[in-house]
Amino acid sequence: MIVKQIWTGNDYRNFNYLIACPETGEALAVDPLDHVKCLSAAKDAGWDITQVLNTHEHGDHIGGNRQVIAATGAKLLAHENAKGKIPDIDRGLGAGDVIRVGKTVELESLDTPGHTMSHVCLRARTDTPALFCGDTLFNAGAGNCHGGGHPEDLYNTFASQLAGLPDETLIYPGHDYIANNLEFTLDREPDNARAPELLKEVADQDPAAALVSTLALEKEINTFFRLHSPSVIARLREAFPDLPDAPDEKTVFVKLRELRNSW
Ligand SMILES: [Zn+2]
Ligand SMILES: [Zn+2]
């Protein structure tokens with residue numbers, strides 16, 4: 001499996017992806033908003049885009065579908081419940097569905113509600129474990145829920161699906177928010193051991209050659225995976241004095257998400 005992360009350079013800081021089979025040159029485009037860059041990257045590599053996949057229905061993820069499909073004849077894949085929200089879906093996806101790209105790439109569709117209620121993540125089942133997570137999980141952060149989602153569902157997705165993936169899973173999110181999110185981590189957990197050095201590393205990075213994190217790294221620096229950290233809980237209590245002594249994970253997650261909305 002070859003992954004090309006494409007930096008759009010737009011105001012929303014979107015990442016688009018091409019996932020290609022090295023044997024056949026067939027490729028799947030994930031959320032190819034910047035259709036010009038996606039099509040030219042495929043052409044440069046000698047790949048044929050045969051499928052387009054939308055992680056969810058927001059305009060900054062589906063806005064390049066028409067142009068990419070017109071140029072390539074690719075089939076469009078998205079969550080089965082996104083029909084009616086995303087035009088012209090050819091294949092609706094449910095949990096556990098397998099998407100094949102060429103001969104060597106197998107991606108599993110995960111049903112991951114929270115950011116929206118018809119959001120899929122892709123888990124690569126080939127050589128290197130990898131997760132294409134749209135606006136569900138970001139580097140050092142989690143998606144917001146004000147465009148049709150619910151924080152309780154986002155928590156359930158994190159706890160029951162993402163947290164259990166292998167530590168070495170590479171994380172490919174839908175946006176570059178890492179520096180800002182690390183600032184939030186440090187605001188919520190000032191004694192976080194890893195975030196300060198990582199922030200220095202990524203503060204001036206070129207998003208076109210962005211650091212690709214792993215799930216193990218996220219568990220160190222992503223507040224939304226650090227729901228038992230005593231300093232996260234102590235800081236949260238300053239904002240929510242009624243927080244119980246040993247709050248459950250879901251309460252901590254939902255309150256962190258609430259603070260992040262106005263941070
Ligand atoms: Zn979104
Ligand atoms: Zn987005």
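We're numbering straight along the sequence, starting at 1. Both ligands and their constituent atoms are indexed starting at 1 by order of listing.
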Considering only N, O or S atoms, which atom of [X] is nearest to the Zn ion (ligand 1)?
X      : result
His56  : NE2
His58  : ND1
His115 : NE2
Asp135 : OD2

Given 3.5 Å as the limit, does a donor-acceptor pair link the side chain of Asn54 with the main chain of Glu57, or not? no
Hey, does His56 have a side-chain heavy atom less than 4.5 Å from the side chain of Val120? no
Do Met1 and Val105 come close enough that some side-chain heavy atom pair is under 4.5 Å? yes
Look at Arg237 together with Asp242 and state whether they make a salt bridge at an N to O cut-off of under 4.0 Å. no
Charged N to carboxylate O under 4.0 angstrom, Lys200 versus Glu197? no
When you measure from the Zn ion (ligand 2) to each N, O or S atom of Asp60, which atom gives the shortest distance? OD2
